[in-house]
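All values reported here derive from a predicted model rather than from experimental measurement. Hydrogens, waters and symmetry mates are skipped; everything else that's a heavy atom, side chains included, is used. Quick note on labels: first sequence line is chain A, next is B, and so on, each numbered from 1.
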Amino acid sequence: MTDAPLDAPATLSDIPREPTQDGPAVRLFLVDGSGFIFRAYHALPPLTRKSDGLPIGAISGFCNMLWKLMVDMKAQAEAPTHLAVVFDHSEQTFRNKLYEQYKAHRPPPPEDLIPQFPLMRRATRAFGVPCLELPGYEADDLIAAYACKVRDAGGEVTIISSDKDLMQLVGDRVSMLDTMKNLKIGREQVIEKFGVPPEKVVDVQALCGDSVDNVPGAPGIGVKTAALLINEYGDLDTLLARAGEIKQPKRRDTLIAFADQIRLSRELVRLDCDTPLPEPVDALVVDDPNPEELSAFLEEMEFKSLARRVGAGGAAPAQVPAAAPARPPQAAIDVNAYVCVRDMPTLDAWIVRAKAAGVVAFDTETDALSSANAALCGISLAVAPGEACYIPVGHENESNGGLEFEAPEAIEQLTVDEVVARLKPLLEDPTVLKVAQNAKYDMAVLSRHGVAVAPIEDTMLISYALEAGLHKSHGMDELSKRWLEHEPIKFSSVTGTGKSQKSFKHVPLEPATCYAAEDADVTLRLYELLRPRLAREGLLTVYETLERGMPAVLAQMENEGIKVDTDTLRKLSNDFSVRMGELEIEAHRLAGRPFNLGSPKQIGEVLFQEMGMASGKITATGAASTDASMLEDLAAQGHELPRVLLDWRQLSKLKGTYTDNLVQAIADRTGRVHTSYALASTTTGRLSSSDPNLQNIPIRTEEGRRIRKAFIAEPGHVLISADYSQIELRILAHVGDIPQLKRAFAEGHDIHAATASEMFGVPIEGMPAETRRRAKAINFGIVYGISAFGLANQLSIPQDEAGAYIKTYFERFPGIRAYMDRTKQMARTQGFVTTIFGRKVHIPAVKSKSAAERAFGDRAAINAPIQGAAADVMRRAMIRMPAALREAGLSTRMLLQVHDELVFEATEAEADATIAVVKKIMERAAEPAVSLSVPLVVEARAATNWDDAH
DNA sequence: TAAGTCACG
DNA sequence: GACGTACGTGACTTAT
């Protein structure tokens with residue numbers, strides 16, 4: 001923890017606030033910035049920022065004190081209307097011209113305080129408070145000038161300081177406040193300290209001087225004597241004029257001898273009301289901090305607990321602390337309050353409101369589920385909680401199957417083109433933040449209408465950055481129920497389900513408006529609720545660098561699609577059918593009866609009951625397993641049928657999952673296959689691909705590769721596959737700090753052979769293939785959270801032998817053990833683990849009552865930082881890729897991502913240049929956030945089909 | 001809708 | 001010390 005253990009208040013938002021600038025009376029708070037930071041510095045232990053050791057003790061205290069002040073201020077019956085923090089300017093001041101020695105003997109500030117000075121100003125601005133400073137003047141001069149100005153205009157001033165030099169300013173409407181001691185300093189307190197009222201403090205100070213500031217004063221005269229003299233003679237000028245009357249010879253002589261020095265001292269301590277004002281008083285009006293700026297700053301400083309407190313307050317209007325349960329956070333969601341926009345003036349009015357708000361949530365409705373073919377039905381906007389509209393553009397009356405004689409009456413709505421044209425400037429306006437739930441979908445749809453939505457935030461990804469692993473879904477319905485305690489209208493309830501389900505374009509405008517506008521409304525509410533948590537929970541950087549840029553990139557990839565060779569796939573499908581038929585006949589012959597080869601249950605009956613083969617392991621439900629490894633075992637025992645079943649299964653899988661369906665998946669619009677990537681479906685940060693899944697296209701078998709060959713480039717183009725070599729093991733070597741592995745990677749050795757060599761003490765040259773295979777299995781096992789059982793299973797060796805390997809591995813690479821132990825520890829104590837890029841992966845299973853589930857959680861915890869970091873690296877590369885290609889003048893398109901591989905389509909002419917750019921971006925993707933201690937290596941190749949590009 | 005299986009990293 | 005057992009996905013088929 002880097003936070004100051006200072007007492008800080010709970011929240012801002014629940015404290016009633018006076019309207020600012022209401023009436024003429026200005027109530028100004030002026031904070032003495034230097035005073036604040038010196039007190040913070042001395043009050044706190046020397047804290048440093050965890051990530052880089054930057055000293056931040058003073059700035060932490062400063063922030064806590066400032067925040068506490070802001071909260072306390074608002075709690076006052078007559079809350080201040082104006083607030084500023086005043087700083088010394090580091091240059092020489094006019095006092096040095098008067099007296100060279102002024103403040104000359106002051107020791108330099110402590111070394112670890114120096115780097116914190118500039119941060120004070122940033123902190124102040126981050127809290128939304130004006131900073132005041134002026135070259136040639138001290139903070140005290142500015143404080144005096146503002147205090148005089150406001151006081152003379154009939155306002156009130158409170159100076160937040162305990163500096164005695166400022167006490168001369170105290171008066172009827174000017175007081176001081178020592179926030180550390182919670183003391184108000186008024187006229188009485190000044191008299192107590194100086195023995196004179198505030199207006200005579202300067203005279204006393206001129207006499208007694210100040211050793212700290214090197215104000216000379218009169219030698220031998222202290223505060224008591226000075227006050228006595230001033231009270232006796234009325235003021236300094238009178239005293240000096242009548243010095244000869246003083247009875248005590250020493251005092252008399254001193255005052256006469258040092259009269260000039262005393263007058264000089266008075267000039268040095270006197271604060272001048274005529275100091276120019278760098279900002280008008282009006283500029284100091286109290287304002288709430290910009291939550292984003294403040295969050296970003298606090299996160300950068302790594303002030304977690306303050307960020308939490310701050311975020312719980314003003315930044316999140318929707319979040320109500322437990323203290324105020326009676327008041328609902330926002331107006332309840334009322335779907336009947338939404339507006340259906342069907343004319344231009346109304347649309348324009350909403351656009352104006354969105355611009356004024358600076359933030360607009362939006363959602364697109366389309367006539368299909370997958371974005372590849374979807375046409376726009378309408379767009380909804382939300383400009384404030386509860387204030388949302390729906391703009392239909394593509395709704396139609398449902399035809400009655402052509403039974404009517406006349407065409408159905410057209411629906412009165414704006415056209416797609418005019419609405420898009422009108423919304424485009426808003427959606428692309430850099431000063432208006434757009435918010436969407438699963439922005440990728442909306443961006444894909446809109447990009448087909450020539451709209452590049454930016455800047456954009458995604459509530460789904462915010463939830464994912466915050467809580468990956470805690471929930472299966474980060475979909476809007478779940479988020480709404482989870483955070484707003486509101487169940488949105490179900491899509492199926494407006495479209496119907498099953499056979500009678502209709503396209504959204506056929507939904508009547510009234511229910512369509514309720515449904516669509518509610519989505520935008522909910523999205524905006526979720527945004528206001530979740531977004532402040534990012535900074536508060538230290539995940540802003542993760543979100544900004546690993547999540548936020550992805551929707552645009554993926555939308556583009558999905559829209560691009562990839563070409564597949566229909567003929568090849570059809571031929572394959574036929575070929576597979578024929579061979580499956582042959583295998584089926586053979587299987588029935590061997591079984592002695594027909595049975596369904598696709599039914600594990602029937603296979604079990606045939607193999608284990610009728611043919612009497614020994615059943616091995618059982619499935620979760622207690623049935624005898626017939627999976628591939630089981631069938632392999634039986635085949636190895638000399639049985640014929642299992643081999644036939646294995647062959648049939650392979651072909652069945654390939655045909656059913658790939659050949660037939662890929663052809664079906666070709667979109668009419670483009671003639672290409674468009675997958676859909678899920679950004680928030682895995683726990684580790686990986687993507688997933690579906691409809692169709694293009695991340696599991698076969699490659700491991702010869703038959704399978706024939707399918708991969710059907711993924712092709714357009715004529716005159718090539719596909720380029722670029723994949724990270726051993727990225728997970730490289731990350732393991734880095735996080736586990738394994739010198740041998742790091743060296744092997746640095747020198748470009750075969751990592752599995754090097755592992756085997758290290759473990760078994762055999763040279764790499766002439767190493768038996770089996771030895772390397774075992775090391776390879778162990779390396780993979782480690783990444784998965786190894787167990788003797790799992791390794792034994794994988795290698796088909798006895799469990800104790802596998803256990804011995806693991807033991808040897810840990811002895812040779814003790815860093816791995818340490819990594820595993822600390823990772824498990826972290827998971828168990830915090831409930832989550834993190835990647836080197838800061839991504840959080842929650843592992844709730846580690847807290848389970850079941851030992852089995854806990855063990856499962858342990859393994860997931862070991863794997864997540866490795867798999868997750870690899871995913872982080874890939875995301876960074878992907879986000880940077882489009883600009884890098886563009887800047888290189890290349891027209892190359894990124895098409896697919898398969899975890900550690902990217903697939904591009906380039907013209908033949910641009911292939912080589914593309915490979916160079918792609919390799920560079922991918923290999924440097926970790927930088928500058930993380931400096932890996934192993935090189936990242938990318939292998940890239942171009943060919944006309946995907947298989948040959950490997 | 002669950003279970004079993006298997007394609008991928 | 002017992003507990004099931006490599007990590008992360010999606011899609012298909014059968015069976016309920």
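Within the 4.0 angstrom heavy-atom criterion, only backbone atoms of the sugar-phosphate kind lie near A:V898; the bases stay farther away. Residue-level contact check: A:A628 touches the backbone only, with heavy atoms under 4.0 Å from sugar-phosphate atoms and none from bases. Residue A:S850 is classed as having no contact, given no heavy-atom separation below 4.0 Å to the nucleic acid. Note on A:A777: a base of the nucleic acid sits closer than 4.0 angstrom, heavy atoms only. Residue-level contact check: A:A620 touches the backbone only, with heavy atoms under 4.0 Å from sugar-phosphate atoms and none from bases.
Of the listed nucleotides (C:dC7, C:dA6, C:dA2), C:dA2 has the atom at the smallest distance from the side chain of A:A851. Proximity note for A:T626 (side chain, C-beta onward) versus C:dA6, B:dT5, C:dA2: the nearest is B:dT5. Of the listed nucleotides (C:dC3, C:dA6, B:dC6), C:dC3 has the atom at the smallest distance from the side chain of A:A852.
For the pair A:I782 and A:M820, the minimum side-chain heavy-atom distance is below 4.5 Å. Using a 4.5 Å cut-off on side-chain heavy atoms (C-beta onward), A:F711 and A:D947 make no contact. Looking at A:M550 and A:M878, their side chains come closer than 4.5 Å, going by heavy atoms from C-beta outward. With contacts defined as side-chain heavy-atom distances shorter than 4.5 Å, the pair A:R839/A:T834 does not qualify. Residues A:L645 and A:L607 are in side-chain contact: their nearest non-hydrogen atoms beyond the backbone lie under 4.5 Å apart.
Every residue was checked against the side-chain contact (heavy atoms from CB on, under 4.5 Å) condition with A:S796, not counting sequence neighbours, and none meets it. Not counting sequence neighbours, the partners of A:S573 by the side chain to side chain donor-acceptor pair (under 3.5 Å) test are A:K655, A:D660. With sequence neighbours left out, the side chain to side chain donor-acceptor pair (under 3.5 Å) criterion links A:Q556 to A:E560.
Note on residues 855-864 of chain A: pairs passing side-chain hydrogen bond (donor to acceptor under 3.5 Å, both in side chains), not counting sequence neighbours, are A:R828-A:D858, A:N863-A:Q867. Pairs passing the ring pair (Phe, Tyr, Trp, His ring centres under 6.0 Å) check and including a residue from residues 841-881 of chain A, sequence neighbours excluded, read A:F832-A:H842.
The closest side-chain donor-acceptor pair between A:T682 and A:S688, if any, does not fall under 3.5 angstrom. Side-chain contact, A:S370 with A:D691: no donor N or O sits under 3.5 Å from an acceptor N or O. Side-chain atoms of A:N696 and A:Y658 form a donor-acceptor pair, as typed in the model, at a separation below 3.5 Å.
In DNA chain C, stems built from 3 or more consecutive Watson-Crick or G-U wobble pairs, each with both distances under 3.5 Å, span B:1-9 with C:7-15.
The stretch residues 676-702 of chain A touches DNA chain B through A:R686, A:Q695, A:N696, A:I697, A:P698, A:I699, A:R700, each having a heavy atom within less than 4.0 Å of the strand. Residues of residues 703-711 of chain A that place a heavy atom closer than 4.0 Å to DNA chain C do not occur. Contact check of residues 599-608 of chain A against DNA chain C (heavy atom, cut-off under 4.0 Å) returns A:S599, A:K601, A:Q602. Taken residue by residue, residues 720-733 of chain A places no heavy atom nearer than 4.0 Å to DNA chain C. The stretch residues 855-862 of chain A touches DNA chain C through A:F856, A:R859, A:A860, each having a heavy atom within less than 4.0 Å of the strand. Non-hydrogen atoms lying under 4.0 Å from DNA chain C are contributed by A:K653, A:G656, A:T657, A:N661, all within residues 653-664 of chain A.
Atom C1' of nucleotide C:dG4 and atom NZ of A:K617 are separated by 14 Å, given to the nearest angstrom. The distance from atom CG of A:N779 to atom P of B:dG9 is 17 Å, rounded to the nearest whole Å. If you measure from atom CG of A:L791 to atom C1' of C:dG4, you get 16 Å, rounded to the nearest angstrom. The separation between A:I618 atom CD1 and B:dT5 atom C1' is 17 Å, rounded to whole Å. A:N793 places its CG atom 12 Å from the C1' atom of C:dG4, with the value rounded to the nearest Å. A:E901 places its CD atom 20 Å from the P atom of C:dT9, with the value rounded to the nearest Å. Atom CD1 of A:I778 is separated from atom P of C:dC7 by 17 Å (rounded to the nearest Å). One atom, NZ of A:K849, and another, P of C:dG4, lie 17 Å apart when rounded to the nearest Å.
Put simply, CG on A:D633 and CG on A:D627 are 9.0 Å apart, with the number rounded to the nearest 0.5 Å.
Only one option out of A:H639, A:M611, A:R643 pairs with A:L634 in a side-chain contact (heavy atoms from CB on, under 4.5 Å); it is A:H639. A:E905 pairs with exactly one of A:R893, A:K563, A:R672 by the side-chain hydrogen bond (donor to acceptor under 3.5 Å, both in side chains) rule, that one being A:R672.
Close placement of the A:Y805 and A:F760 rings is indicated, their centers lying within 6.0 Å of each other. For A:F813 and A:Y809, the ring centers are positioned less than 6.0 Å apart.
Distance check on atom P: C:dT5 versus B:dT5 gives 14 Å, rounded to whole Å. Taking the P atom of each, B:dC6 and C:dA6 are spaced 15 Å apart, rounded to whole Å.
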Let me see the working for A:Q695 and A:S689 under side-chain hydrogen bond (donor to acceptor under 3.5 Å, both in side chains), right down to the final yes or no. CA-CA 6 Å; A:Q695 287 183 321; A:S689 158; 4.8 Å; no

Begin with the C-alpha distance, continue with both residues' side-chain angles, and end with the deciding distance and a verdict on side-chain hydrogen bond (donor to acceptor under 3.5 Å, both in side chains) for A:H474 and A:Q437. CA-CA 9 Å; A:H474 301 268; A:Q437 164 72 17; over 6 Å; no

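Of the possible polar contacts, one joining the A:D458 side chain to the A:A439 backbone as a donor-acceptor pair under 3.5 Å is found.
By the 30° and 60° cut-offs, the orientation of the rings of A:F780 relative to A:Y784 is tilted.
Mapped onto DNA chain C by nearest heavy atom, A:Q867 and A:S787 fall at different nucleotides, with A:S787 at the one closer to the 5' end.
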